[in-house]
There are 2 protein chains.
Amino acid sequence: MSRGDARDRLIQAAIDLIWTSSYGAVSVDAICERAQVRKGSFYHFFASKDDLVVTALDTHWGTRRPVLDEIFSASRPPLERLQRYFAHISERQAEVRAQYGRVLGCFHHAVGSECVQKPTAVAAKAQELSLALRRYLETALRDAQAEGALPPGDPVAAAKSLFAFVTGALTQARVHDDLELLRQIPRTGWLALGMAGPPQRST
Amino acid sequence: MSRGDARDRLIQAAIDLIWTSSYGAVSVDAICERAQVRKGSFYHFFASKDDLVVTALDTHWGTRRPVLDEIFSASRPPLERLQRYFAHISERQAEVRAQYGRVLGCFHHAVGSECVQKPTAVAAKAQELSLALRRYLETALRDAQAEGALPPGDPVAAAKSLFAFVTGALTQARVHDDLELLRQIPRTGWLALGMAGPPQRST
DNA sequence: TCGGTAGATGACTGTTTAGTCAAGTTCGAG
DNA sequence: CTCGAACTTGACTAAACAGTCATCTACCGA
């Protein structure tokens with residue numbers, strides 16, 4: 001009966017429970033119960049609660065990464081990457097809402113902003129993933145400037161501001177279970193980049 | 001020796017500890033120790049941990065409210081209110097950093113985004129205060145549109161987006177202890193509102 | 001001087017927490 | 001079949017947790 005998927009069930013249970021509530025509110029016992037795995041097995045697979053959570057963050061990122069790689073593909077015009085990313089955010093959260101019953105925002109961002117202050121492995125991992133995500137924006141903005149599609153300026157600072165807006169919108173959407181706010185991201189996003197609207201498909 | 005300020009010390013300890021770490025990571029014992037108050041006294045003043053936290057949120061808001069009232073005074077031109085608010089954010093967080101050693105972002109926003117999912121009194125209070133803050137923006141935007149200083153549009157939606165950006169920037173600033181990001185708020189804020197820059201003081 | 005009350009105290013309860021461990025079971029390779 | 005490794009189990013610990021309570025103290029008005 002028992003296959004080697006107890007580990008996977010624990011990871012998924014951790015993602016589900018922490019994403020829908022918070023890191024501090026989820027206990028090892030709760031994760032075990034949800035995963036239908038006994039305490040002893042938990043510590044057979046993971047050294048600690050934090051060890052599991054770090055693994056859960058990585059696992060979740062592993063599912064998002066290929067999607068982002070496709071969206072931010074270098075074979076796409078840089079502004080089109082951003083346009084797709086903006087659109088992706090609300091589509092993705094609509095899926096999340098269908099699956100979990102609520103808009104949940106960004107998983108590692110929620111964990112990260114809860115845990116930053118105590119420098120644990122969890123906080124480090126969450127920050128690492130946030131930075132990785134921000135770098136997608138940075139690259140797209142740099143490429144856009146390089147081909148003159150965006151006025152010159154510091155792409156790192158621009159990416160920071162844009163990223164702040166996106167994560168803020170995701171958090172607000174989580175708090176108010178509000179998909180509509182996410183649909184406004186493209187409009188405001190382009191404005192924040194100093195553009196009137198999405199790139200035109202001329203020719 | 002002991003005056004009636006044990007209650008105040010408990011409130012301040014709760015603000016300090018929760019703001020610098022998180023709601024879930026702070027115990028009643030820790031609050032009591034920091035406030036130099038015994039457990040029994042805690043429950044003399046407060047019915048529960050949550051009761052104290054709600055009071056702490058209210059108390060903290062009570063210190064910010066007069067400042068916001070001044071900044072968003074109706075006797076000021078609406079765009080100047082926003083300009084002052086943008087400037088206030090980084091000034092304020094510089095103070096916070098001087099006091100606490102780190103940029104901490106917005107207190108009730110940090111608590112709120114951690115607690116939203118379980119509908120407790122704490123979550124309700126944090127959301128109430130977030131909404132109160134957003135309403136300052138709404139009013140200023142509506143007034144700005146009324147006097148033609150801002151292009152027409154839905155002021156509620158615009159306030160939501162602007163608020164998302166501001167809270168996102170505060171959270172990023174907290175995560176990365178980054179004041180510079182907050183200094184970029186005016187630039188990006190005006191862009192997001194569809195304006196090239198701050199209002200001109202003509203004549 | 002007296003009595004009442006607001007506040008202080010520390011020992012207490014019962015529960016939940018993360019984490020441990022010795023003794024199992026299952027199963028595939030040799 | 002046999003052995004060992006991977007995995008499972010449930011009972012266990014020690015600490016931390018929120019919350020309780022009877023008792024004490026200090027002060028203030030009558």
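Because only heavy atoms are used, hydrogens play no part in the values below, and waters and symmetry mates are left out as well, while side chains stay in. All chains are named by letter (A, B, ...) in the order of the sequence lines, taking the proteins before the strands, and each is independently numbered beginning at 1. Everything numeric here is computed off the predicted structure, so don't read it as measured data.
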Quiz prompt | Sequence neighbours excluded - ring-ring contact (aromatic ring centres under 6.0 Å, His included) pairs with any residue from residues 95-151 of chain B | solution = B/Trp19-B/Tyr100, B/Trp19-B/Phe107, B/His60-B/Phe107, B/Trp61-B/His108, B/Phe72-B/Tyr136
Quiz item: Between the two ends of the helix from C/dT1-D/dA30 to C/dG30-D/dC1, what is the bend in degrees, rounded to 10 degrees, where each end axis spans five pairs?
Solution: 0°
Quiz item: If you round to the nearest 0.5 Å, how far is OG1 of B/Thr20 from CD of A/Gln117?
Solution: 7.0 Å
Exercise. Could you grab the distance from atom CG of A/Leu68 to atom OH of A/Tyr85, nearest 0.5 Å is fine?
Key: 6.5 Å
Quiz prompt | N/O (side chain, B/His44) to phosphate O (OP1/OP2, C/dA8) under 4.0 Å | solution =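 No, because none of the side-chain N or O atoms of B/His44 sits under 4.0 Å from OP1 or OP2 of C/dA8.
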Please tell me which of the listed nucleotides, [options], lies nearest to the side chain of [X]?
X	options	value
B/Ala6	D/dA18, D/dT9, C/dA8	C/dA8
B/Lys49	D/dG19, C/dG19, C/dT9	D/dG19
B/Tyr43	D/dA18, C/dA18, C/dG7	D/dA18

Practice problem: Of all the heavy-atom pairs spanning B/Glu114 and B/Gly24, show the shortest one and how long it is. | Solution: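 Between these two residues, the closest heavy atoms are OE2-N, 2.8 Å.
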Self-check item: Nearest heavy-atom neighbours spanning B/Leu182 and B/Ser90
Solution: CB-CB, 3.8 Å
What is the separation between atom [atom1] on [X] and atom [atom2] on [N], rounded to the nearest whole Å?
X	N	atom1	atom2	answer
A/Asp50	C/dG19	CG	C1'	13 Å
B/Phe45	D/dG19	CZ	P	17 Å
B/Leu52	D/dA18	CG	C1'	13 Å
B/Arg9	C/dG7	CZ	C1'	12 Å
B/Phe42	D/dG19	CZ	C1'	10 Å
A/Arg38	C/dT20	CZ	C1'	17 Å

Quiz item: Among all residues two or more places apart in sequence or in another chain, which pass the side-chain hydrogen bond (donor to acceptor under 3.5 Å, both in side chains) test with B/Ser75?
Solution: B/Ser73
Quiz item: Who are the side-chain hydrogen bond (donor to acceptor under 3.5 Å, both in side chains) partners of B/Asp50, not counting sequence neighbours?
Solution: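 If we apply the side-chain hydrogen bond (donor to acceptor under 3.5 Å, both in side chains) test to B/Asp50, skipping adjacent residues, the hits are B/Tyr23.
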Quiz prompt | For A/Glu70, the option from A/Arg65, A/Arg64, A/Arg76 that meets salt bridge (Lys or Arg N to Asp or Glu O under 4.0 Å) | solution =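 Result: among A/Arg65, A/Arg64, A/Arg76, A/Arg76 is the only option passing the salt bridge (Lys or Arg N to Asp or Glu O under 4.0 Å) with A/Glu70.
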Sequence neighbours excluded and cut-off under 3.5 Å, please list the side-chain donor-acceptor pairs for residues 34-46 of chain B, or say none.
from	atom 1	to	atom 2	distance (Å)
B/Arg34	NH2	B/Asp16	OD2	2.9
B/Arg38	NH2	B/Gln36	O	3.4
B/Lys39	NZ	B/Asp29	OD1	3.1

Quiz item: Do A/Lys39 and C/dG19 have a side chain to base donor-acceptor pair shorter than 3.5 Å?
Solution: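 Yes, a donor-acceptor pair under 3.5 Å.
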Self-check item: Neighbours of DNA chain D within residues 19-36 of chain B, by heavy-atom distance under 4.0 Å
Solution: B/Ser27, B/Val28, B/Asp29
